[in-house]
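Only heavy atoms go into these numbers, but all of them, side chains included; no hydrogens, no water, no symmetry mates. Small disclaimer: the values here were computed from a predicted structure and weren't measured.
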Amino acid sequence: AAVLPWRPDTSPLILGLVALTIALVVRLGFAARQNTHLLRQQARQQGDERVAALVRHASDLFVVTEPDARIRFASPSLQAMLGRNPERAIGSWLGVLVHPDDRLVLAGAIDEATDANQLRATVTLRLEHLDGSTRECEVVLTDLTHEPAVQGLVFVARDQTERRALESRLHQAQKMEAVGRLAGGIAHDFNNVLTTILAETDLLLDASERTGESAEELHTIRQAAQQAAALTRQLLAFARQQVPSSRTVDLEE
């Protein structure tokens, strides 16, 4: 059209080709835009499915509430952790999952999470099982009311009951180890004192046998010292965490 001279008999053909080209370009543009939208929607859907699969199989408890703390969604782990049906929990106040003595702590955590300067709170709460037992959980509350996909509070709880029990047993074992070291040190010193008492008592008994004097009191002292020596052996066995064994030793060797 640019190089050929303008001819009225060819202008309808040129105009038709131009119109067809414009229509094809517009159609391709709409198709590209629609394909981009579909790809984004598909990626978002796949992402949502992955998140849903992770939530379904996670051992942690995920709860989404309305801004007034009414449960909108609860993950299947609610059944395993607290013995409650996730569907029946919908519409209930979040506090029904928490031990009554910890509900004030929950209210404080909600206030902290909904603070514009915080938007998150981490607390330790006791969640109540349907059978009356409790689960000590580390809870993270996040305010996502500003997120269009959530528009609520997200409550994530991780059961720390077994971990707390293991920590308690570890602390108890450490205390017993310290007591054992202390008992071992005392037993050694006390055993030295008893060794002196027994040795002196035996010498006095030998002297009384030579002189024919009564040694009833010395026998009583010796018996008490032997009992105390037995106690020190038990303390040493406790400190060393082993069973004591005696054997004959040739002093000349």
- Query: Is V25 reachable from L17 through a run of I, L, V, M, F, W or Y residues, each pair having side-chain heavy atoms under 4.5 Å apart?
  - Reply: no
Under 3.5 Å donor-acceptor pairs involving side-chain atoms of residues 93-102, not counting sequence neighbours:
residue: H99; atom: ND1; partner: D101; partner atom: N; Å: 3.1
residue: D102; atom: OD1; partner: R126; partner atom: NH2; Å: 3.1
residue: D102; atom: OD2; partner: R126; partner atom: N; Å: 2.9
residue: D102; atom: OD2; partner: R126; partner atom: NE; Å: 3.1

- For the hydrophobic clusters of this structure (ILVMFWY residues joined by side-chain heavy atoms under 4.5 Å, transitively), does one cluster hold both I22 and F30? yes
- Closest non-hydrogen contact found for Q151 with P67 is O-CD, 4.0 Å
- To the nearest 0.5 Å, how far apart are OG in S208 and NE2 in H219? 6.5 Å
- Taken to the nearest 0.5 Å, the spacing of T142 OG1 from L119 CG works out to 8.5 Å
- Message: Count I, L, V, M, F, W, Y as connected when their side-chain heavy atoms are under 4.5 Å apart, and connections chain through other members. Are L78 and V64 then in the same cluster?
- Response: no
- Message: Is there a side-chain contact between L82 and L130 in this structure, where contact means two heavy atoms from C-beta onward sitting under 4.5 Å apart?
- Response: no
- Item | Straight-line distance of L194 CG to L198 CG, nearest 0.5 Å | 6.5 Å
- Query: Hey, does R158 have a side-chain heavy atom less than 4.5 Å from the side chain of Q160?
  - Reply: yes
- Message: Please evaluate residues H146 and L144 with respect to the criterion side-chain contact (heavy atoms from CB on, under 4.5 Å), reporting the C-alpha separation (whole Å), side-chain torsions for both, the decisive distance (0.1 Å), and the verdict.
- Response: CA-CA 5 Å; H146 58 284; L144 294 180; 4.2 Å; yes
- Between R120 and D143, is there a side-chain N and carboxylate O pair less than 4.0 Å apart? no
- Inspect the contact between R72 and E66 and indicate whether a charged nitrogen and a carboxylate oxygen are less than 4.0 angstrom apart. yes
- Message: Within the structure provided, determine whether L141 and I110 are in side-chain contact (heavy-atom separation under 4.5 Å).
- Response: yes
- Run the side-chain contact (heavy atoms from CB on, under 4.5 Å) check on T196 and N192 step by step: do they pass? CA-CA 7 Å; T196 303; N192 293 335; 5.9 Å; no
- Item | Interatomic spacing from OG1 in T65 to CD1 in I90 - rounded to 0.5 Å | 12.5 Å
- Could you pull out the closest heavy-atom pair between T201 and L218, with the gap in Å? CG2-O, 3.4 Å
- Would you check if the side chain of S75 reaches a backbone N or O of F62 as a donor-acceptor pair within less than 3.5 Å? yes
- Item | Co-membership, hydrophobic cluster, residues I71 and M81, 4.5 Å side-chain | yes
- Message: Please give me the minimum heavy-atom distance between P76 and P86, naming the atom from each residue.
- Response: CA-CG, 3.9 Å
- Does a side chain donor of either R135 or S133 reach within less than 3.5 Å of an acceptor in the other side chain? yes
- Out of curiosity, does V154 fall in the hydrophobic cluster containing F73 (side-chain heavy atoms, cut-off under 4.5 Å, transitive links)? yes
- Taken to the nearest 0.5 Å, the spacing of F190 CZ from I197 CD1 works out to 7.0 Å
- Query: Do other residues, nucleotides or ligands put more than 12 heavy atoms under 6.0 Å from the CD atom of Q226?
  - Reply: yes
- Note on the structure: dist E200:CD -> R222:CZ (nearest 0.5 Å) comes out at 13.0 Å
- Does the side-chain contact (heavy atoms from CB on, under 4.5 Å) test come out yes or no for V156 and L61, once each step is laid out? CA-CA 6 Å; V156 181; L61 174 61; over 6 Å; no
- Item | Test log, rule side-chain contact (heavy atoms from CB on, under 4.5 Å), inputs C137 and L127 | CA-CA 7 Å; C137 298; L127 303 187; 3.8 Å; yes
- More than 12 foreign heavy atoms under 6.0 Å from CG of L231: is that the case here? yes
- Message: For R103, I'd like to know if atom CZ has over 12 heavy atoms of other residues, nucleotides or ligands within 6.0 Å.
- Response: yes
